[in-house]
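A short worksheet on the structure shown next.
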Protein chains: 2
Amino acid sequence: MSVTIAEVARIAGVSKSTVSRYLNGFYDHMGADTKERIAQVIAELDYRPNALARSLKQKRTHTVGAIVANILNPFSTSIIRGIEDTLQEAGFNLILCNADDDPAKERDYVNMLVDKQIDGLIINTTGCNNELIAQVNQTIPIVLIDRKASDIDIDTVTVDSARGVRQAVDHMVSLGHAGIAMLTLPYDHVSPRLERVQAYQTALAAHGIPFREDWLVQTSIEEDAILSKLQALLGGEAIADKPTSIFCANNMITMSVVKAIKQMGLTIPDEIAVLGFDDWEWAQLIDPPVTVVAQPVYDMGNKAAALLIKRMKGGRSPKKPITILFEPQLLKRKSCGE
Amino acid sequence: MSVTIAEVARIAGVSKSTVSRYLNGFYDHMGADTKERIAQVIAELDYRPNALARSLKQKRTHTVGAIVANILNPFSTSIIRGIEDTLQEAGFNLILCNADDDPAKERDYVNMLVDKQIDGLIINTTGCNNELIAQVNQTIPIVLIDRKASDIDIDTVTVDSARGVRQAVDHMVSLGHAGIAMLTLPYDHVSPRLERVQAYQTALAAHGIPFREDWLVQTSIEEDAILSKLQALLGGEAIADKPTSIFCANNMITMSVVKAIKQMGLTIPDEIAVLGFDDWEWAQLIDPPVTVVAQPVYDMGNKAAALLIKRMKGGRSPKKPITILFEPQLLKRKSCGE
DNA sequence: GTGAAAGCGCTAACAT
DNA sequence: ATGTTAGCGCTTTCAC
């Protein structure tokens, strides 16, 4: 068995309480000699307090959970880095979980984290566990990141998708594209996806471009799926019936679309232009470098963590949920033409 | 306060032990009626056992820690997915940590995880905490992934770097490249980096190509650093003094090198060929698609988790550490010429 | 300035 | 088939 506080106390010739006080930094009224003795014994035995026992008593774990939707997405990892840095600075530990965009997995992770008594939670939610999240949020502060949960009142850090889409469409139109298709993952429960689809329609309307139902396509990022959707979109005979550009609703779609277009032997942007929501480290290495609407992901992670920390320290203050909106930024590269 | 086992017991009109037995699935000799009653009360109160209290008593948390070197690296995230899937199937929880290639962070995370009483640990180690890792491994099973710790005896899952490098060099030579430079991150404590550097020299020798000290360059992935190193390498006047190809020791280097080469206005592979260790999802989208030595990362994650599970279940069996070597695979694309 | 004792929520002998 | 009891390792009143 590993060494306990009792053993430290015994060897140092003091009581457990005294060692405990030492551990928790209550030196104020402590004899310099006892203090030193305890320090020495701890060092000698290489004693480390049992966090489980401590937390069981204190009812705080100094640990925050974060559940991301898809850890393979660079978007998620950048957010994680942002969360991590801020949390670390404040002395909180982070338990990272990957829901894999699976509501069941998300639910299990939320429950596990609650069971482990985390002090706070950051979720890039699937959008399918709103009741559970709302319920947990009664006792444990939760901050949603990127994706809102429309029907519950909860702190959220996200980006102004509508503005980003507007910039994207404006840019494409300014480059002469009138036929603008949009590819997105299914947007049933994921707020940014829905917002982007709506903003796309709004932006088209603003430019007097008629919205074509068949040019708004929902797809998975499976290679076959993307390919067949794209072929349907671009494979026709009549030129007038084909879009000249594709707006991709997030980076996973963008990557898959670029891959599929190359497979089809089409050239970007001459035969088909591409613009994506989300920037990532190597978007500029792609042939051609992809024009994107970038989100300040790292900052968003920072902010979500900072907000959560405030909530966790806030005691039982009447917390009125807030939503923090970040501004997206259009990064003009080569995939839409000059 | 949240509901406890005592309350469930009270309301169900049984003792805590009985509820506990129910929770742990010891139904065998339990009255069908009590069983039902308990189930009902639990559902009514939405009772969830306190994992902290349970683990404190049981001395098992059903939780595994994983520390990756750099979560921004797709290599890490693929490994994570592999670990996750296997662990989940076996009913273990995963706490993910990102050491950010910082030995101090790694040390802190190891300690935190130990304090939290994880049942097992998977580390993609910085190589600078070997004593700590060896010590922890006395009581908690640890599996190293990707990077070995040469001086300690511990389970390891990694790839045959030497073989991969040999394939890479062979390929470049077969394409007529004799001037092969190598770029790597500092390889002080990171086993695959060291192995790849050594294998590079061995492979050159095997082809009768003299090794040039100034063509083996250590660098960070900072844009400026890479650029200046590359300029030193490729910027000279005398053609004979310049390598015609660059072997990148991992994917982070590869991405940075490609970026820098583009910035310099050079074309790949005509002016300079590039071959990288590590494949990743969108390496083929780069202009030109990068030829790489791929590692079966997901499988490696799977295997590491499986091995760890075996160790955790193995009780106090005399575990003789093993090393599992995966085979790399050369993926010929366009960055080395035809 | 330090100690004794109770208890956090749970499990696991040992009874019956 | 179920209850009683004694902790797991720590913190925290309350004494002195």
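Values reported hereafter were calculated over all heavy atoms of this structure, with side chains retained and with hydrogens, waters and symmetry mates removed.
Here the side chain of A:Ala53 is nearest to one of D:dT12, D:dG9, C:dG9, namely D:dG9. Closest approach to the B:Thr4 side chain among D:dC14, C:dC10, D:dT11 is made by C:dC10 (side chain taken as heavy atoms from C-beta onward). For B:Lys57, counting side-chain heavy atoms from C-beta on, the closest listed nucleotide (D:dG3, C:dA12, D:dG9) is C:dA12. For B:Lys59, whose side chain is taken as the heavy atoms from C-beta onward, the closest listed nucleotide among D:dT11, D:dG9, C:dC10 is D:dG9. Nearest to the side chain of A:Arg21, among D:dC10, C:dG3, C:dT11, sits C:dG3.
Between A:Arg147 and A:Asp101, at least one side-chain N (NZ, or NE/NH1/NH2) sits under 4.0 Å from a carboxylate O, which counts as a salt bridge. With salt bridges taken as basic N to acidic carboxylate O contacts below 4.0 Å, none links B:Arg60 and B:Asp119. With respect to A:Asp153 and A:Lys320, no salt bridge is recorded, no charged nitrogen being found less than 4.0 Å from a carboxylate O.
Under 4.0 angstrom from either OP1 or OP2 of D:dC10 there lies at least one side-chain N or O belonging to A:Tyr47. Side-chain N/O atoms of A:Ser20 include one lying less than 4.0 angstrom from OP1 or OP2 on D:dT11. For D:dC8, neither phosphate oxygen OP1 nor OP2 lies less than 4.0 angstrom from any side-chain nitrogen or oxygen of A:Asn50. The side chain of B:Thr34 places an N or O atom within less than 4.0 Å of a non-bridging phosphate oxygen (OP1 or OP2) of D:dT2. The side chain of A:Ser15 places an N or O atom within less than 4.0 Å of a non-bridging phosphate oxygen (OP1 or OP2) of C:dG3.
Mapped onto DNA chain D by nearest heavy atom, B:Val14 and B:Gln58 fall at different nucleotides, with B:Val14 at the one closer to the 5' end. Both B:Ser17 and B:Leu56 lie near DNA chain D, and the one whose nearest nucleotide falls closer to the 5' end is B:Ser17. Across the interface with DNA chain C, nearest-nucleotide mapping of B:Phe26 and B:Leu52 shows B:Leu52 to be the residue nearer the 5′ end.
Protein atom CD1 of A:Ile38 is 13 Å distant from nucleotide atom P of D:dC10, rounded to whole Å. In this structure, CD of A:Gln117 is placed 19 Å from P of D:dG9, rounded to the nearest angstrom. The distance from atom CZ of A:Arg37 to atom C1' of C:dG1 is 12 Å, rounded to the nearest whole Å. Atom OH in B:Tyr22 sits about 16 Å away from atom P in D:dG3, given to the nearest Å. Here the P atom of nucleotide C:dC10 and the CZ atom of A:Arg54 are 21 Å apart, to the nearest Å. Atom CG of A:Asn24 and atom C1' of D:dT12 are 10 Å apart (whole Å). Taking atom NZ of B:Lys35 as the reference point, atom C1' of D:dT2 lies 15 Å away to the nearest angstrom. Rounded to whole Å, the distance from NZ on A:Lys16 to P on D:dT13 is 16 Å.
Between A:Ser15 and A:Thr18, the side chains place a donor N or O and an acceptor N or O closer than 3.5 Å (distance only, hydrogens not considered).
Within the model, atoms CD of A:Glu84 and CG of A:Asn93 stand 11.0 Å from one another, a figure rounded to the nearest 0.5 Å.
Side chain of A:Asn124 to backbone of A:Ile145: a donor-acceptor contact under 3.5 angstrom is found.
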